[in-house]
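In this text the structure is predicted, and so the values were computed from the model without any measurement. Only this structure's heavy atoms are used, side chains among them; waters, hydrogens and symmetry mates stay out. By convention in this document, chain letters (A, B, ...) are assigned in the order of the sequence lines, proteins followed by strands, and residues within each chain are numbered from 1.
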2 protein chains.
Amino acid sequence: MSASTKLSTAVKALCYLANSYPVPKTSSQISSFIGINASKLRKILSMLVKNKIVESTYGMAGGFVIKKNPQKLHLQEIYCAIEDRKAFHLHIAKLNDIKLTESVKLNNYFLELFSDIQIEIENKMKKISLQSILNKLNSK
Amino acid sequence: MSASTKLSTAVKALCYLANSYPVPKTSSQISSFIGINASKLRKILSMLVKNKIVESTYGMAGGFVIKKNPQKLHLQEIYCAIEDRKAFHLHIAKLNDIKLTESVKLNNYFLELFSDIQIEIENKMKKISLQSILNKLNSK
DNA sequence: ATAAATTGTTACAGTAAGTGTAACCAATTG
DNA sequence: CAATTGGTTACACTTACTGTAACAATTTAT
């Protein structure tokens with residue numbers, strides 16, 4: 001599952017949870033709404049739980065409840081919660097031969113460039129709150 | 001091969017060709033410098049040929065020569081030449097059920113967002129010329 | 001207590017995608 | 001015609017992804 005797919009899935013789940021707040025929803029309910037396997041969704045939700053964005057309760061009448069205020073919750077926080085690897089995985093070719101110093105310099109150049117791009121992407125995501133997404137959904 | 005790996009490989013090849021201009025270099029020479037398979041490199045170079053960034057000549061004493069002035073050649077142009085798919089492949093989950101209108105709206109939302117991000121990345125790449133990269137390599 | 005419901009995690013078979021290499025075709029030159 | 005080189009295709013190998021199920025952990029209802 002790509003980083004962007006995971007992010008959109010997480011946001012869909014959070015929107016669903018925000019609209020049904022404070023009633024807990026099970027992974028089955030959320031997954032059938034989104035159209036994704038319940039087990040897979042639980043993996044994503046468990047990471048949101050670890051980062052205290054949602055809360056989970058076991059047993060009957062259990063499920064997931066959104067914990068963080070949608071106005072204070074931003075895309076970048078959601079993204080970081082579900083993704084260990086950095087941003088959108090920009091890779092450069094690994095070197096076969098260390099002696100190729102010019103190639104090494106170019107590798108470093110691209111590492112810096114892609115790092116800059118990742119920072120810009122994250123900055124963009126920091127400016128988008130879950131609440132603003134909810135508003136757009138309801139307005140249209 | 002990821003988009004970013006392809007881009008860095010193409011730039012490495014172009015730097016090599018720029019430094020040896022106007023002497024043609026074979027795919028073997030370039031690939032051994034970069035540390036990549038010659039056949040794979042030819043695939044990338046052939047796309048640069050189609051986009052008239054480099055020129056190729058067959059037969060003995062043939063090879064590749066950079067055609068476009070490094071000062072007028074930008075990363076975005078190189079990127080578009082070697083990649084059909086748009087930018088850095090930001091995907092969102094496909095929907096299983098068309099009835100889920102809220103999910104549809106969210107999908108559209110992310111399509112727009114990722115499209116914005118892609119445009120920003122391309123704008124950033126437009127500002128970087130091959131010549132500026134060559135200068136950085138020689139200065140350090 | 002026992003059973004049922006639910007989250008959290010692991011396992012696994014099946015599939016898809018990526019990799020590296022070789023082989024072949026096309027074009028040019030001597 | 002033979003040698004060289006770019007351009008393309010094919011293929012086996014590996015790796016990664018996918019979807020599903022299964023199981024353990026935890027809570028609640030009866």
Side-chain N,O (B:S2) to OP1/OP2 (C:dG18) below 4.0 Å:
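For B:S2, the contact criterion (side-chain N or O under 4.0 Å from OP1 or OP2 of C:dG18) is not met.
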Interface with DNA chain D, restricted to residues 16-31 of chain A and to heavy atoms under 4.0 Å:
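Output list: empty, so none.
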Distance-only, no hydrogens or angles: does the [X] side chain make a donor-acceptor pair with backbone N or O of [Y] under 3.5 Å?
X	Y	answer
A:K67	A:K52	no
B:Q29	B:T26	yes
A:N37	A:S39	yes
B:T9	B:T5	yes
B:S27	B:R42	no
A:N69	A:Q71	yes

Send over the distance from [X] [atom1] to [N] [atom2], rounded to a whole Å.
X	N	atom1	atom2	value
B:L41	D:dT5	CG	C1'	13 Å
A:M47	C:dT9	CE	C1'	12 Å
A:I44	C:dT7	CD1	C1'	15 Å
A:F64	C:dT6	CZ	P	11 Å
B:K40	D:dG6	NZ	C1'	18 Å
B:K6	C:dA17	NZ	P	15 Å
A:I36	D:dC17	CD1	C1'	13 Å
B:N37	D:dT9	CG	P	17 Å

Review item, nucleotides 25-29 of chain C N/O atoms under 3.5 Å of protein N/O:
none

What nucleotide among [options] has an atom nearest to a side-chain atom of [X]?
X	options	value
A:K43	C:dT9, C:dT7, C:dG20	C:dT9
A:R42	D:dA22, C:dT10, D:dA10	D:dA22
A:S39	C:dT7, D:dT20, C:dT21	D:dT20

Please determine whether a side-chain nitrogen of the Lys or Arg among B:E77 and B:K68 lies less than 4.0 Å from a carboxylate oxygen of the Asp or Glu.
yes
Of the non-hydrogen atoms in B:P24 and B:V65, which two are nearest, and what is the gap between them?
CA-CG2, 3.6 Å
Just checking, any donor-acceptor pair under 3.5 angstrom between side chains of A:E112 and A:N108?
no
